[in-house]
2 protein chains.
Amino acid sequence: MSRLPPLNALKCFETAARHGSFSKAAEELHVTQSAVNHQIRQLEHWFGVPLFDRQGRQTLPTPEGAELAESLAEAFGIMDGACQRIAKSDGKSNLTIAAIPSIATIWLIPRLPAFLKANPNIGVRLLHAIFEQPIDFEDVDLAITYGDWNQAPPTATKFLEGVSYPVCSAHYLTLAGPLREPADLLKCSLLHDFDRRPWSKWFKAAGTKIDDRLPGLLFEGFNLLYSSILAGQGVGLAPTAILADDLKAGRLVQLFDIPVLEEKAYFISEPANPRESRADDVAIFKAWLLEQAAS
Amino acid sequence: MSRLPPLNALKCFETAARHGSFSKAAEELHVTQSAVNHQIRQLEHWFGVPLFDRQGRQTLPTPEGAELAESLAEAFGIMDGACQRIAKSDGKSNLTIAAIPSIATIWLIPRLPAFLKANPNIGVRLLHAIFEQPIDFEDVDLAITYGDWNQAPPTATKFLEGVSYPVCSAHYLTLAGPLREPADLLKCSLLHDFDRRPWSKWFKAAGTKIDDRLPGLLFEGFNLLYSSILAGQGVGLAPTAILADDLKAGRLVQLFDIPVLEEKAYFISEPANPRESRADDVAIFKAWLLEQAAS
DNA sequence: CATAATACATGAATAAATTTCATGGAGCTG
DNA sequence: CAGCTCCATGAAATTTATTCATGTATTATG
């Protein structure tokens with residue numbers, strides 16, 4: 001096979017010819033107009049033949065350019081098809097998202113149908129990330145975890161605040177009577193996630209003296225705590241960010257404006273070596289996540 | 001169109017898959033094996049799928065790799081065809097060589113048929129370069145000129161020596177009788193090219209006292225001088241390098257081993273901005289010229 | 001008809017990708 | 001097992017691509 005011109009220049013040219021505009025091509029290729037211009041110039045010089053007619057505002061391919069563009073479109077089409085097939089042939093075609101159970105159940109799953117509807121070409125496979133256990137990024141395109149934001153890797157993207165407040169169901173509040181000051185909570189059923197220290201911290205922050213050991217149910221995992229709160233079994237400490245829907249709907253009520261666990265956050269992690277063939281989909285999903293979190 | 005992998009990596013891969021060998025691909029692409037390796041690695045990482053099975057000495061495409069390679073071969077084939085057509089569509093498809101008349105007639109034209117036979121895909125168009133007149137490189141891929149080598153541009157390639165010796169036809173030598181020493185030449189018909197100074201210089205170099213003005217025929221151009229020498233009309237000063245065939249065949253005879261015009265040379269010049277679509281052909285032709293000159 | 005507005009052109013500076021270099025390791029083969 | 005031939009790899013060097021900061025030309029527009 002004989003010598004080919006620089007392939008990137010050909011790609012630039014094909015795009016520009018398709019749009020009949022360097023600027024549009026630049027946009028499609030996510031580069032500046034200047035870059036496209038340089039590439040096409042290089043190509044014209046390579047051939048020694050002008051490929052575009054520049055007549056003022058109009059920029060149309062010359063006959064040679066048009067012919068070349070046509071063939072290139074075909075060639076790149078074949079390439080693209082083949083690459084798509086390979087990228088999807090490994091059975092991992094879907095975006096694989098690892099999320100800790102809490103956010104997966106409470107926040108992500110309810111929102112996911114909207115994403116799938118808006119992006120019908122992207123499939124999503126959802127895995128559970130076990131809390132504080134390293135994620136096998138071999139098979140994961142993006143992970144959503146919870147932890148101390150100060151200790152998160154610099155590549156992580158903060159996503160939702162982890163700051164927690166006392167929360168209970170609206171129904172429980174009517175039963176437990178008015179809760180005017182923090183100390184009133186000592187009369188309530190306290191619900192704990194894994195350990196009792198957050199509640200201790202909270203009472204300390206609230207300036208309420210407490211006994212050494214706080215009473216109340218201890219759950220193994222936030223989802224169980226959440227179910228318990230929802231069921232009206234008591235007051236739990238929970239990140240209000242992921243409960244926005246419940247709070248807005250009035251199912252849950254936040255008690256007092258005294259925060260705890262301010263340093264915690266939900267954040268997005270990405271593999272050190274992402275599969276670049278998924279890069280676009282990952283970027284779309286990530287943008288969607290952040291947008292959802294912001295609204 | 002969705003995101004494509006790096007195109008150069010695809011080209012590398014296609015070549016490697018076709019050869020079933022990284023080293024062979026490297027050779028075809030005129031790069032090192034290392035470069036091919038890096039590119040293919042990059043591509044495998046991009047897809048997240050291995051494209052080659054490395055089993056010791058064997059390096060064969062995986063099924064995915066084979067499928068991809070097939071499509072890529074087709075795509076690159078289309079590209080290549082299209083680029084060839086464009087490169088040749090400008091009516092300047094032939095290599096355009098500008099040569100000064102002397103070397104064109106005496107040296108190049110006799111050798112050209114062999115080149116064309118050995119390289120049937122390359123057409124050659126031969127132009128005359130006028131002596132000491134700038135060449136219009138817009139339309140010339142390679143020029144062969146004669147001049148002072150010390151003043152040649154640094155990009156020029158020396159090709160044949162321009163050093164000249166007294167030369168006459170074998171027949172003339174028998175007529176003019178034995179020519180034992182330089183002074184004997186003064187009795188001969190001296191033949192000049194453009195001006196009489198070279199002969200003056202020669203006699204000076206030979207240590208022979210001469211009158212102010214030398215007699216003899218003055219030709220406008222080396223080809224005329226050459227014809228005259230061949231016809232046995234006298235002794236001329238000529239670069240023996242381009243007369244190698246005549247000297248070997250015995251038609252011409254070199255007299256004395258006293259050189260003149262040592263600083264002159266025939267050399268190859270190339271355009272500052274070559275048409276890269278011709279680069280391969282130009283390189284082949286240039287290599288052939290140098291090889292012919294050396295033999 | 002001046003004035004934005006839009007699109008391509010260009011040179012220098014910067015950033016990124018590719019290639020080489022210099023090795024290492026693994027599998028044949030005589 | 002020594003010598004070949006391949007592929008693998010990290011760091012350095014080189015080449016290529018891109019941006020930035022402008023410039024020029026043409027087209028709309030009040």
**Student:** Which of parallel (below 30°), tilted (30 to 60°) and perpendicular (above 60°) describes B/F115 and B/W288?
**Tutor:** tilted
**Student:** Do B/H30 side-chain and C/dT19 base share a donor-acceptor contact under 3.5 Å?
**Tutor:** no
**Student:** I want to verify a distance call: between C/dT18, D/dT19, D/dC7, whose nearest atom is closest to the A/T32 side chain?
**Tutor:**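 Side chain of A/T32 sits closest to D/dT19.
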**Student:** Of the candidate nucleotides C/dT20, D/dC7, C/dC8, which contains the atom at the shortest distance from the side chain of B/N37?
**Tutor:** D/dC7
**Student:** Report the distance from atom NE2 of A/H45 to atom P of C/dA9, rounded to the nearest whole Å.
**Tutor:** 16 Å
**Student:** Taking atom C1' of C/dC8 as reference, at what distance in whole Å does atom CD of A/E27 sit?
**Tutor:**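 Answer to the nearest Å: 16 Å.
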**Student:** Rounded to whole angstrom units, what separation is found between the CG atom of B/L4 and the P atom of C/dA17?
**Tutor:**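 Atom CG in B/L4 sits about 16 Å away from atom P in C/dA17.
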**Student:** What about B/S34, does its side chain sit under 3.5 Å from the base of C/dC21 through a donor-acceptor pair?
**Tutor:**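 Under the 3.5 Å cut-off, the side chain and the base do form a donor-acceptor pair.
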**Student:** What orientation do B/Y146 and B/Y266 show, parallel under 30°, tilted 30 to 60°, or perpendicular over 60°?
**Tutor:**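 Taking B/Y266 first and then B/Y146, their aromatic rings sit tilted (interplane angle of 30° to 60°).
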**Student:** For D/dT19, does the base pair up with any side-chain atom of A/H38 as donor and acceptor (N or O, under 3.5 Å, distance only)?
**Tutor:**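 Indeed there is one.
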**Student:** If you compare every side-chain N and O of A/Q39 against the phosphate oxygens of D/dT18 (OP1, OP2), does one of them come in below 4.0 Å?
**Tutor:** yes
**Student:** For D/dA8, take OP1 and OP2 only and decide whether either is under 4.0 Å from a side-chain N or O of B/R41.
**Tutor:**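 Answer no for this pair, as no side-chain N or O of B/R41 is under 4.0 Å from OP1 or OP2.
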**Student:** Measuring from the side chain of B/T59 (C-beta onward, heavy atoms only), which nucleotide among C/dT18, D/dA11, D/dC7 has the closest atom?
**Tutor:** D/dC7
**Student:** B/L51 CG to D/dA8 P: how many Å, rounded?
**Tutor:**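 Atom-to-atom, B/L51 to D/dA8, this comes out as 12 Å.
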**Student:** At under 4.0 Å, does any side-chain N or O of A/R54 touch on OP1 or OP2 of D/dA25?
**Tutor:**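 No, outside the criterion.
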**Student:** Is the distance from the ring center of A/F159 to that of A/W107 below 6.0 Å?
**Tutor:**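 Ring centres of A/W107 and A/F159 closer than 6.0 Å.
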**Student:** Provide, to the nearest angstrom, the distance between the NZ atom belonging to B/K11 and the C1' atom belonging to C/dA17.
**Tutor:**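 Between C1' of C/dA17 and NZ of B/K11: 19 Å.
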**Student:** For the side chain of A/D141 and the backbone of A/T96, is there at least one donor-acceptor N/O pair under 3.5 Å apart?
**Tutor:**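 Yes, because the side chain of A/D141 sits within donor-acceptor range (under 3.5 Å) of the backbone of A/T96.
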**Student:** Does the side chain of A/Q33 get closer than 4.0 angstrom to OP1 or OP2 of C/dA7 through an N or O atom?
**Tutor:**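 For C/dA7, OP1/OP2 do not have a side-chain N/O of A/Q33 under 4.0 Å.
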**Student:** Got a donor-acceptor contact below 3.5 angstrom from the B/E263 side chain to the B/D148 backbone?
**Tutor:**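 Not at all, since once roles are kept as given, no pair shorter than 3.5 Å links the two residues.
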**Student:** Of the options D/dA17, C/dT19, C/dT18, whose atoms approach the side-chain atoms of B/V31 most closely?
**Tutor:**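 Minimum distance to the B/V31 side chain belongs to C/dT19.
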**Student:** Quickly work out the A/F52 CZ to C/dA9 C1' distance and round it to whole Å.
**Tutor:** 14 Å
**Student:** In whole Å, I'd like the distance from the NE2 atom of A/H19 to the C1' atom of C/dT6.
**Tutor:**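 In whole Å, C/dT6 C1' and A/H19 NE2 are 17 Å from each other.
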**Student:** Take atom CD1 of A/I40 and atom P of D/dT18, then tell me their distance rounded to the nearest Å.
**Tutor:**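 Interatomic distance, CD1 of A/I40 to P of D/dT18: 12 Å.
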**Student:** Mark yes or no for a side-chain to base donor-acceptor pair under 3.5 Å between B/S23 and D/dT5, with no hydrogen or angle criteria applied.
**Tutor:** no
